[in-house]
Amino acid sequence: MASFDHTHYVPFLKGKAGEFAALAQLSVDQRQPLTPLIDVPPERVKFFKGGQFQIETVEKALAGYAEQIAEAWGSVDHCFVDLGGFDPDHRMDDGRHPLTAFFEDARAAGIAPIPVTGIDRDRPQLDAVREVCTTWRLGAAIRLRRPELQKNGEQLREVLPKLLALIDQQPHQIDLVLDFGELLKSQVTEVEQEARSVIASFPFLDEWRSLTLCSGAFPSQISDFVGTQSSGERPRRDFNLWQRLMKSGAPLSRLPAFGDCGVAAADWPSAFNPMEMNPSCKIIYASDEEWLIEKGRSFRDYGGEQYRTLAAQVKARPGFLTASHCQTEKKVIDCAANRGGTGGLKEWVTAATRHHIEVVSRQLASLP
């Protein structure tokens, strides 16, 4: 795994089928400036036809998952893989740790993921990471969440060497991820100050293989601010926060790469019965400053033809880009013009995710 700088992009993905389809549609050139971090859906959450349902075993949670990543991302480019959402007490039927089982599946699938760990992980997970690092020799990623980042520099200077010793790695073999989680409007200034302080005092700052700062500004419930058959905007506060760190105040001693949660919430939702789901048709479209959202009615009750109206509304919005930007603009234009099929829930998640990745990549590529 090579190091990367602040112009790199680390999208945090929740493992939806639509997200994987978006990765698969990226060209070779579009893949180069990004390294996705994939949060493997744990045993309590599993995506199914646009929703989630509860499953009971890690066997079912991991079944075929490495193959899905291989199909979406291929065997050439690295990605980060985090199983941190799994119950730490759960094991495979044969007693293996889920992380060990996943990486054995990954080897069979021909992919080269980087394991993610952290100071919040238990000893069996750290042992499994150490074994993977010894076998694969690709290093690891350490993901630190906001409560852990609020420790002072001396505390981290004491804890991190112990963690490194447990996984038998050195800082130059580690991709460091500072994950501030959900970013609310009221927290932007506070998180900016915290991030500056963390980076300024972080131990071994120049020695880590890479440094990424992530937060997520997309809402967990769109219905909280966009009603049925209505429009809304959501500021991309996560990217704005990162820009503020780059441009304002005293210069950072090391510039972090940008990470976000794309068009998904930062936290895992509660599992629920898919039979009770009735998702609405919606189009989510990233502009340079915000997400544009057009929401229709129930897909189950009213079908996909309403996407044509939603596409026409997105196309008419001031933030809509030209057809030459990427495939999503063409999809919106064609749908609005009644050309081709409308697609369904998964296809529009794919379009939203792919477009978001391409917008962020373009913004980062324009940096000096």
Next item on the list: Indicate yes or no: does K162 engage E158 in a salt bridge with an N to O separation below 4.0 Å.
Entry: yes
Check: Measuring from R236:CZ to F218:CZ, what's the distance to the nearest 0.5 Å?
Finding: 11.5 Å
Checklist line | Considering all heavy atoms, the nearest V129-P115 contact | finding: CG1-CG, 4.3 Å
Margin query: To the nearest 0.5 Å, what is the distance between OG1 on T212 and OH on Y9?
Written below: 11.5 Å
Item checked: Salt bridge flag under 4.0 Å for residues D168 and R130 -> no
Note to self: How long is the straight-line distance from CG of L176 back to CG of L205, given to the nearest 0.5 Å?
What the structure shows: 8.5 Å
Checklist line | Ion pair check, R143 and D39, cut-off under 4.0 Å | finding: yes
Notebook entry, point to check: Does R308 come within less than 4.0 Å of E305, counting only side-chain N to carboxylate O?
Noted result: yes
Notebook entry, point to check: Hey, mind stepping through R96 and R91 against side chain to side chain contact (heavy atoms under 4.5 Å, CB included) and telling me if it holds?
Noted result: CA-CA 6 Å; R96 289 176 300 163; R91 296 292 182 269; over 6 Å; no
Notebook entry, point to check: Taking Q306 for the side chain and G303 for the main chain, is one N or O donor matched with an acceptor at less than 3.5 Å?
Noted result: yes
Margin query: Could you tell me if the side chain of Q173 sits less than 4.5 Å from the side chain of R137, heavy atoms only?
Written below: no
Item checked: Nearest non-hydrogen partners of W291 and D238, listed with the distance -> CH2-OD2, 3.8 Å
Margin query: I need the minimum non-hydrogen distance between R234 and A217, along with the two atoms involved.
Written below: NE-O, 3.4 Å
Item checked: Residue pair L252 / L245: nearest heavy atoms and the distance that separates them -> CD1-O, 3.6 Å
Notebook entry, point to check: Hey, does the side chain of T353 reach the backbone of V349 with a donor-acceptor pair shorter than 3.5 angstrom?
Noted result: yes
Next item on the list: Decide yes or no on side chain to side chain contact (heavy atoms under 4.5 Å, CB included) for F258 and T7, but give the supporting numbers first.
Entry: CA-CA 8 Å; F258 174 65; T7 62; over 6 Å; no
Note to self: Would R107 pass as a cation-pi partner of W136, given that its NZ or CZ must be under 6.0 Å from the six-membered ring centre and within 45 degrees of the axis?
What the structure shows: yes
Next item on the list: If the plane angle is over 60° it's perpendicular, under 30° parallel, otherwise tilted; pick one for F299 and Y307.
Entry: tilted
Next item on the list: Indicate the atoms forming the closest heavy-atom contact of K14 with A264, along with that distance.
Entry: CG-CB, 4.4 Å
Notebook entry, point to check: With a 4.5 Å limit on heavy-atom distance, are the side chains of V81 and V116 in contact?
Noted result: no
Check: Hey, does the side chain of Q30 reach the backbone of S27 with a donor-acceptor pair shorter than 3.5 angstrom?
Finding: yes
Check: Quick one: NE2 on H90 to CD on E59, what's the gap to the nearest 0.5 Å?
Finding: 12.0 Å
Note to self: So if I apply the salt bridge (Lys or Arg N to Asp or Glu O under 4.0 Å) rule between E192 and each of K247, R244, R237, which one comes out positive?
What the structure shows: R244
Notebook entry, point to check: How about Q155: does its CD atom have over 12 heavy atoms from other parts shown lying under 6.0 Å from it?
Noted result: yes
Note to self: Looking at W208 and P203, would you say the former's side chain and the latter's main chain have a donor-acceptor pair under 3.5 Å?
What the structure shows: yes
Next item on the list: Could you tell me whether the side chain of W73 and the main chain of D77 form a donor-acceptor pair under 3.5 Å?
Entry: yes
Notebook entry, point to check: Under the 3.5 angstrom rule, does the side chain of H355 hit a backbone N or O of A286 as a donor-acceptor pair?
Noted result: yes
Margin query: Rounded at 0.5 Å granularity, tell me how far OG1 in T350 sits from CD in Q327.
Written below: 10.5 Å
Next item on the list: Is it possible for you to check whether R297 lies under 6.0 Å from the centre of the six-membered ring of Y302, through NZ or CZ, and within 45° of that ring's axis?
Entry: yes
Next item on the list: Would you check if the side chain of T135 reaches a backbone N or O of V132 as a donor-acceptor pair within less than 3.5 Å?
Entry: no
Note to self: Distance check, rounded to the nearest 0.5 Å: K295 atom NZ versus C281 atom SG?
What the structure shows: 11.0 Å
Check: Between Q187 and L183, is there a donor-acceptor pair closer than 3.5 Å when you use the side chain of the first and the backbone of the second?
Finding: no
Notebook entry, point to check: Side chains of D288 and Q363: does their closest heavy-atom pair fall under 4.5 Å?
Noted result: yes
Note to self: Using only atom types and a distance under 3.5 Å, with no angle test, would you say the side chain of H6 pairs donor to acceptor with the backbone of P256?
What the structure shows: no
Next item on the list: For salt bridge (Lys or Arg N to Asp or Glu O under 4.0 Å), just list the numbers for K346 and E19, CA-CA rounded to whole Å, side-chain angles, deciding distance to a tenth of an Å, and then say yes or no.
Entry: CA-CA 9 Å; K346 173 189 168 183; E19 293 176 335; over 6 Å; no
Note to self: Would you say that more than 12 heavy atoms from the other residues, nucleotides or ligands in this model lie under 6.0 Å from the CD of E71, or not?
What the structure shows: no
Margin query: Quick check against the 3.5 Å criterion: does R339 have a side-chain atom that pairs as donor or acceptor with the backbone of A336?
Written below: no
Next item on the list: Taking all heavy atoms of D82 and all of G84, pick out the closest pair and write down the distance.
Entry: OD1-N, 2.7 Å
